[in-house]
J.: 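Pasting in a structure now, in structure tokens, and then I'll have a few things to ask.
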Amino acid sequence: MLIDDIVSSGRTMIEAARGMRAQGLPAPLCVAVHALFAEQAFAERSKLASRVVSTDAVPHASNAIPIGGLVAEALRTGF
């Protein structure tokens with residue numbers, strides 16, 4: 001699994017996934033907290049990953065992890 005906070009070009013995650021595959025490891029699950037995905041970043045990452053998912057902090061087709069409840073709970077409990 002690869003997790004990155006802000007993914008725009010996706011270069012870091014793409015190179016890490018390539019490195020994992022070159023070592024004979026299976027395609028990683030790639031998780032983005034803030035999926036900005038410039039140009040072909042999502043498509044290129046999708047070729048190297050078993051799956052690409054993101055939180056719904058930034059609207060994108062990869063959104064699979066809702067964070068609204070986590071933020072609301074943090075606000076209710078004072079962090």
J.: To the nearest 0.5 angstrom, please state how far the CZ atom of F37 sits from the OG atom of S62.
T.: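 One finds 4.5 Å between CZ of F37 and OG of S62.
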
J.: State the CG-CZ distance between L2 and R45, to the nearest 0.5 angstrom.
T.: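 Here the interatomic distance stands at 9.0 Å.
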
J.: Does the D4 side chain pair with the main chain of T12, one donor and one acceptor, at a distance under 3.5 Å?
T.: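 The answer is no, because no donor-acceptor pair under 3.5 Å joins these two groups.
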
J.: Would you check, one step at a time, whether the test salt bridge (Lys or Arg N to Asp or Glu O under 4.0 Å) holds for K47 with E44?
T.: CA-CA 5 Å; K47 293 176 192 174; E44 190 170 348; over 6 Å; no

J.: Is V58 linked to I6 within one hydrophobic cluster, defined over Ile, Leu, Val, Met, Phe, Trp and Tyr using a side-chain heavy-atom separation of less than 4.5 Å?
T.: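 Yes, V58 and I6 fall within the same hydrophobic cluster.
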
J.: If you count heavy atoms of other groups shown closer than 6.0 angstrom to CZ of R18, is the number above 12?
T.: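 It does: R18 CZ has more than 12 such atoms within range.
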
J.: Give the cluster check for L48 versus V52: same hydrophobic cluster or not, with ILVMFWY residues linked at side-chain heavy-atom distances below 4.5 Å.
T.: no

J.: Would you kindly confirm whether V7 and M1 end up in one hydrophobic cluster when ILVMFWY residues are joined by side chain heavy atoms under 4.5 Å apart?
T.: no

J.: If you take all heavy atoms of A27 and A49, which pair is closest and at what distance?
T.: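 That closest heavy-atom pairing would be CB-C, 3.8 Å.
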
J.: State, with a plain yes or no, whether a side-chain heavy atom of I65 is found less than 4.5 Å away from one of D56.
T.: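 Not touching, per the 4.5 Å side-chain cut-off.
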
J.: Is it true that atom CD of E73 has more than 12 heavy atoms of other residues, nucleotides or ligands lying nearer than 6.0 Å?
T.: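 Yes, the 6.0 Å shell around CD holds more than 12 heavy atoms from other groups.
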
J.: Please answer: with hydrophobic residues joined when any side-chain heavy atoms are less than 4.5 Å apart, are I67 and V33 in the same cluster?
T.: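 Looking at the clustering, V33 is in a separate group from I67.
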
J.: About how many Å separate OG of S46 and CD1 of I14, when rounded to the nearest 0.5 Å?
T.: 9.0 Å

J.: How far apart are the closest heavy atoms of A41 and G10, and which atoms are they?
T.: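 Nearest heavy atoms, A41 then G10: CB-N, 4.3 Å.
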
J.: Within a reach of under 6.0 Å around CD of E15, are more than 12 heavy atoms found that belong to other residues, nucleotides or ligands?
T.: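 More than 12 within 6.0 Å, yes.
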
J.: Enter the distance from H60:NE2 to T55:OG1 here, rounded to the nearest 0.5 Å.
T.: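 One gets 11.5 Å once the value is rounded to the nearest 0.5 Å.
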
J.: Could you tell me whether the side chain of M20 reaches within less than 4.5 Å of the side chain of Q23, counting heavy atoms only?
T.: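 Of all side-chain heavy-atom pairs linking M20 with Q23, none is under 4.5 Å.
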
